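This structure is a prediction, so every number in the text was calculated from the model and none was measured.
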Amino acid sequence: MALNLEKQLLFGTNITLPLPHSLTAYFPTSLPPTLGTISTFAWLSFFYALDPWAALPLTPLLLLFTSWAHTLTHNASSLIPSSPLSLPTTSTSYSTNTIAFAIHIISWLAQFVGHGAFEKRAPALLDNLVQAVFLAPFFVWLEVLFWLGYRPELRKRVEGDVGREVERVKRERETKSGKKAS
């Protein structure tokens with residue numbers, strides 16, 4: 001069961017892990033044991049450890065998106081026969097992954113610009129990579145749930161903590177700017 005280096009170097013969800021048939025027989029065809037599927041289950045495990053009731057409605061969404069990403073990666077030419085997004089390569093999955101990677105990078109850059117322009121602060125990615133990669137998506141999901149009325153007491157505590165943190169950062173910024181002016 002050797003890995004084909006050339007095939008594995010294609011970025012993203014087309015990296016199928018060479019597992020024994022006894023394990024892969026239980027995977028649905030739309031969720032094969034790829035890097036994307038395993039990452040999704042890792043995120044879900046973390047989310048369930050944080051708040052199982054919030055993670056429960058997120059599970060079908062993440063599994064659906066993971067399945068969709070796999071389908072798009074492997075069947076893009078049959079799903080979108082004359083896609084204007086197709087790059088001139090021989091591998092459709094490579095083209096799809098290249099587009100996904102470009103969107104991902106552009107999104108991260110937009111986040112840096114947004115934080116710098118509006119918050120005047122570096123994104124959490126620079127403070128704590130684990131928090132930025134794992135906790136930030138769950139935070140966004142919790143914001144949606146809070147908006148729908150989920151755990152109002154938790155929302156109130158979190159918003160209070162965020163308000164205090166914002167005030168602390170403002171005081172630090174004022175102190176630093178006062179020292180620079182002197």
Distance check, rounded to the nearest 0.5 Å: [X] atom [atom1] versus [Y] atom [atom2]?
X: R164; Y: E167; atom1: CZ; atom2: CD; value: 11.0 Å
X: L44; Y: F138; atom1: CG; atom2: CZ; value: 9.5 Å
X: F47; Y: L135; atom1: CZ; atom2: CG; value: 8.0 Å
X: F112; Y: L109; atom1: CZ; atom2: CG; value: 8.0 Å

Please determine whether a side-chain nitrogen of the Lys or Arg among [X] and [Y] lies less than 4.0 Å from a carboxylate oxygen of the Asp or Glu.
X: R155; Y: E159; answer: yes
X: E174; Y: K176; answer: no
X: E165; Y: R168; answer: yes

Would I38 and T34 count as a side-chain contact (heavy atoms from CB on, under 4.5 Å) if you check the C-alpha gap in whole Å, the side-chain angles of each, and the deciding distance to 0.1 Å?
-> CA-CA 6 Å; I38 292 169; T34 63; over 6 Å; no

Scan side-chain atoms only and decide if T37 and T40 contain a donor-acceptor pair under the 3.5 Å cut-off.
->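 T37 vs T40: no donor-acceptor pair found between side chains.
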
With the side chain counted from C-beta on, respond yes when L154 and F146 share a heavy-atom pair under 4.5 Å apart, and no when they do not.
->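 Heavy-atom side-chain distance check passes, below 4.5 Å.
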
Evaluate the side-chain proximity of D51 to W53: yes if any heavy-atom separation is below 4.5 Å, no if none is.
->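 In contact.
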
Determine all donor-acceptor pairs shorter than 3.5 Å in which one atom belongs to a side chain in residues 55-64; sequence neighbours excluded.
{"residue": "T59", "atom": "OG1", "partner": "Y48", "partner atom": "OH", "Å": "2.7"}
{"residue": "T59", "atom": "OG1", "partner": "A55", "partner atom": "O", "Å": "3.0"}

same_hphob_cluster(V162, L142) at 4.5 Å side-chain heavy-atom cutoff =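 Same hydrophobic cluster.
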
With the 4.5 Å side-chain cut-off for hydrophobic clustering, are V166 and F139 part of the same group?
->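 In one cluster: no.
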
Kindly give the heavy-atom pair with the smallest separation between V133 and W43, and that separation in Å.
->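 Closest approach of V133 to W43, heavy atoms only: O-NE1, 3.1 Å.
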
